[in-house]
Chemist: 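Structure provided below as structure tokens; questions to follow.
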Amino acid sequence: MHDIRRIREQPDQFREGLKAKHVEIDVDAILDLDRRRRESLTEVETLKNKRNTVSKEIGIRKKAGEDITPIREEMRVIGDRISEIDNQVRELEVALESALLAVPNLPHASVPVGADASENVEVRSWGEKPDLPFKPKTHVELAESLGLVDFERGAKISGSGFPLYTGAGARLERALIQFMLDIHTTEHGYREVSPPVVVNAASMTGTGQLPKMKEDMYHMQEDDLYLIPTAEVPVTNIYRDEILDSIPVYLTAYTPCFRREAGAAGRDTRGLIRVHQFDKVELVKFVDPATSYDELETLAGQAETILQRLGLPYRVLQLCSGDMSFAAAKCYDIELWAPGQNGWLEVSSCSNFEDFQARRAGIRYRDQHGKPQYVHTLNGSGVALARLFVALLENGQQEDGSIKLPDALGPYMGGTTTIGP
RNA sequence: GGAGGGGUGGCUGAGUGGUCGAAGGCGCGCGACUCGAAAUCGUGUGUGCGUGAUGAGCGUACCGGGGGUUCGAAUCCCUCCCCCUCCGCCA
């Protein structure tokens with residue numbers, strides 16, 4: 001959410017940012033709501049002031065035994081007028097609030113302007129694509145032949161897009177979670193949390209999934225609760241409506257993630273690339289606004305560390321203004337090379353939200369003057385499991401159909417780094 | 001799920017219709033005393049919104065959330081949420 005005062009004071013700068021983001025927002029309508037709200041507010045507060053003053057007087061006069069009937073009648077009229085204008089103010093506030101909630105964050109000055117993914121910029125890459133002396137298999141072929149994932153039974157239990165990991169596949173999933181959490185907690189200074197994966201509407205609004213992404217989430221009508229699409233939601237909302245004693249705060253969490261992928265029907269339907277449920281280790285930061293862009297760089301580096309330890313080739317893209325998510329001011333995507341797909345797979349998205357989420361969620365700290373200020377929030381996948389699983393299989397595949405896993409996973413896989421038939 | 005009790009400022013804890021943003025205590029800031037400290041004394045110490053110069057000040061709202069009664073609500077009524085105790089069910 002944006003500061004209405006900033007929109008009021010710098011509407012042109014605001015319009016420009018929205019244009020770069022390729023969204024149509026009627027800024028004048030917002031400003032008009034704001035102006036009408038303030039007018040009504042001033043009017044009603046003047047009346048309330050009168051009522052408060054007179055009411056005190058009534059108390060005193062009544063004690064003195066005076067007749068207060070006429071003045072009470074007069075106040076009744078004012079009271080009616082107050083509730084009338086109060087309703088007006090409330091309506092305007094609700095309208096303004098919902099208008100503001102629909103406005104996306106603006107791109108940071110360092111973000112390249114562009115319309116869509118084709119205009120994202122590769123900022124660096126790491127590792128070499130494996131030179132396989134045979135035709136690479138897809139992770140689906142590998143996983144099925146080695147008994148790592150049972151797609152059919154997953155579909156039977158729940159539906160397509162709900163993979164059932166089995167045997168060494170299930171163990172690999174668990175090993176990766178452990179491996180990543182260990183690095184983030186012992187080397188990168190994050191505190192581990194294990195949050196609820198079911199959240200209420202206020203939490204979804206706080207991080208910006210609601211109202212815009214409603215149709216992409218699993219919603220339980222009976223209890224008005226949502227399955228989380230990412231740990232970002234419960235973890236960021238840990239400090240909703242709080243003033244933090246000290247910043248920065250770094251949190252990491254493993255959770256399953258649930259996505260309906262409503263707009264993606266028919267795309268990437270085979271295998272693990274686009275699924276309704278997947279595991280993810282998430283990194284979340286609450287920081288001083290002055291340092292948030294440095295924090296974004298280290299955040300991306302921490303996600304990259306995981307991939308480097310696993311020896312997987314990747315590239316880092318800076319998203320252009322038009323391709324960034326609703327809440328982000330600046331974002332890097334990290335993509336792994338997958339030989340079986342002959343393409344890149346996004347396994348991490350590292351974003352600085354500046355105060356956009358903090359303002360929605362009411363997360364503040366005290367500056368050097370002791371004044372409450374909004375923190376900047378950041379998060380990044382560190383990293384997403386299903387696609388990492390794909391990349392490990394497809395990059396590690398051997399001619400005989402077995403998988404050679406990175407040495408770093410040895411301790412987490414019971415000492416073995418080979419998955420054979 | 002049933003019965004009962006309770007949610008007040010950073011913490012504790014008063015306050016059951018009137019000058020209450022809210023006593024007292026603790027904590028914290030500043031000052032005095034002191035060579036310094038402790039103790040003591042004095043003084044200050046919430047947040048949002050509006051207005052104003054993103055100052056001072058002023059106004060308004062906030063005592064779990066929302067609504068109602070009233071000239072006036074922390075206080076009375078309704079409703080929802082959360083916490084505690086007991087019972088039931090259950091991994």
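We name chains A, B, ... by the order of the sequence lines, and we start the count at 1 in each one.
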Chemist: For B/C11, which nucleotide is its Watson-Crick or G-U wobble mate, given both distances must be under 3.5 Å?
Modeler: B/G25

Chemist: Say you pick atom P in B/C33 and the same atom in B/C49; how far apart are they, in whole Å?
Modeler: 42 Å

Chemist: Give me the distance, rounded to whole Å, that separates B/A22 from B/G9 when you measure between the C1' atoms they each carry.
Modeler: 9 Å

Chemist: Which is more 5' along RNA chain B, the nucleotide nearest A/R8 or the one nearest A/M75? Just name the residue.
Modeler: A/R8

Chemist: Would you say the side chain of A/E45 and the base of B/G59 hold a donor-acceptor pair, judged only by whether the two atoms sit under 3.5 Å apart?
Modeler: yes

Chemist: For the P atoms, the ones on B/U40 and on B/C26, what distance do you get once it is rounded to whole angstrom?
Modeler: 8 Å

Chemist: Using the P atom on both, measure B/A14 against B/U51 and round to a whole Å.
Modeler: 41 Å

Chemist: Figure out the CD/P separation between A/E91 and B/G67, and round it to whole Å.
Modeler: 13 Å

Chemist: Check the distance between B/G72's C1' and A/I82's CD1 and give it to me in whole angstrom.
Modeler: 11 Å

Chemist: Can you tell me the distance, in whole Å, between the NZ atom of A/K50 and the P atom of B/U60?
Modeler: 14 Å

Chemist: Can you classify the ring geometry of A/Y190 versus A/Y250 as parallel (below 30°), tilted (30 to 60°) or perpendicular (above 60°)?
Modeler: tilted

Chemist: Between A/Y226 and A/F258, is the ring centroid distance below 6.0 Å?
Modeler: no

Chemist: Could you give the CD-to-P distance, from A/E242 to B/G9, as a whole number of Å?
Modeler: 14 Å

Chemist: Watson-Crick or G-U wobble partner for B/C63, using a 3.5 Å limit on both distances?
Modeler: none

Chemist: Looking at B/G48, I'd like to know if its phosphate oxygens (OP1 or OP2) sit under 4.0 Å from a side-chain N or O belonging to A/R364.
Modeler: yes

Chemist: For atom C1', what is the distance between B/C90 and B/U79, given to the nearest Å?
Modeler: 30 Å

Chemist: Watson-Crick or G-U wobble partner for B/G52, using a 3.5 Å limit on both distances?
Modeler: none

Chemist: Taking only N and O in the side chain of A/N52, is any of them less than 4.0 Å away from OP1 or OP2 of B/C71?
Modeler: no

Chemist: Between B/U70 and A/R72, is there an OP1 or OP2 to side-chain N/O distance shorter than 4.0 Å?
Modeler: no

Chemist: Please classify the nucleic acid contact of A/L41 as base, sugar-phosphate, or nothing, using heavy-atom distances under 4.0 Å.
Modeler: sugar-phosphate

Chemist: Could you tell me the Watson-Crick or G-U partner of B/C86, where both distances fall under 3.5 Å? Say none if there is no partner.
Modeler: B/G2

Chemist: Could you measure between the two P atoms, the one in B/C11 and the one in B/G27, and give it in whole Å?
Modeler: 16 Å

Chemist: For A/E9 and for A/K371, find the nucleotide of RNA chain B with the closest heavy atom, then tell me which residue's nucleotide is more 5'.
Modeler: A/K371

Chemist: Without hydrogens or angle criteria, can the side chains of A/D116 and A/H22 be said to hold a donor-acceptor pair below 3.5 Å?
Modeler: no

Chemist: For A/R366, answer base if it contacts any base atom (sugar-phosphate contacts may also be present), sugar-phosphate if it contacts only those atoms, and nothing otherwise; contact means non-hydrogen atoms under 4.0 Å.
Modeler: sugar-phosphate

Chemist: Rounded to the Å, how far apart are A/I78 CD1 and B/U70 P?
Modeler: 16 Å

Chemist: With C1' as the reference atom in both, quote the distance from B/G7 to B/U75 in angstrom, rounded to an integer.
Modeler: 15 Å

Chemist: In terms of side-chain heavy atoms of A/K48, which of B/C49, B/U60, B/C71 is nearest?
Modeler: B/U60

Chemist: Check whether any side-chain N or O of A/R90 sits under 4.0 Å from OP1 or OP2 of B/C49, and answer yes or no.
Modeler: no

Chemist: Taking the side chain of A/P372 as heavy atoms from C-beta outward, which of B/C71, B/U47, B/U19 is closest to it?
Modeler: B/U47

Chemist: Measure the distance from CG on A/D3 to P on B/C49 and round it to the nearest whole Å.
Modeler: 8 Å

Chemist: Do you see a donor-acceptor pair shorter than 3.5 Å between the side chains of A/T185 and A/R191?
Modeler: no

Chemist: Nearest of B/C71, B/U19, B/G50 to any side-chain atom of A/K63?
Modeler: B/U19

Chemist: Can you tell me, in whole Å, how much space there is between the P of B/A38 and that of B/G29?
Modeler: 11 Å

Chemist: Across all strands, who's sitting opposite B/G31 as a Watson-Crick or G-U wobble pair, both distances under 3.5 Å?
Modeler: B/C41

Chemist: I'd like to know whether the aromatic ring centres of A/H108 and A/Y293 sit less than 6.0 Å apart in this structure.
Modeler: yes

Chemist: Please determine if a side-chain N or O atom of A/N49 lies less than 4.0 Å away from the OP1 or OP2 oxygen of B/U60.
Modeler: yes

Chemist: Would you say the rings of A/H376 and A/F353 are close, in the sense that their centroids are separated by under 6.0 Å?
Modeler: no

Chemist: Does B/U19 have a Watson-Crick or wobble partner in any strand here, with both distances under 3.5 angstrom, and which is it?
Modeler: none

Chemist: Can you tell me if A/R61 touches the phosphate of B/C71, counting only side-chain N or O atoms and a distance under 4.0 Å to OP1 or OP2?
Modeler: no

Chemist: Can you check whether A/T377 reaches A/F356 side chain to side chain, under 4.5 Å on heavy atoms?
Modeler: no

Chemist: Between P on B/C49 and CD on A/E93, what's the gap in Å once rounded to a whole number?
Modeler: 11 Å

Chemist: Going by purine N1 to pyrimidine N3 plus the second Watson-Crick contact, or the G-U wobble pair, all under 3.5 Å, which nucleotide sits opposite B/U70?
Modeler: none

Chemist: A/I243 near the nucleic acid: base, sugar-phosphate alone, or nothing, with a heavy-atom cut-off under 4.0 Å?
Modeler: nothing

Chemist: Once you round it to whole Å, what is the distance between P of B/G18 and NZ of A/K56?
Modeler: 14 Å

Chemist: Under a 3.5 Å cutoff, is there a donor and acceptor pairing between the side chains of A/Q308 and A/Y314?
Modeler: yes

Chemist: Check this one for me: any side-chain N or O of A/R76 less than 4.0 Å away from OP1 or OP2 of B/C71?
Modeler: yes

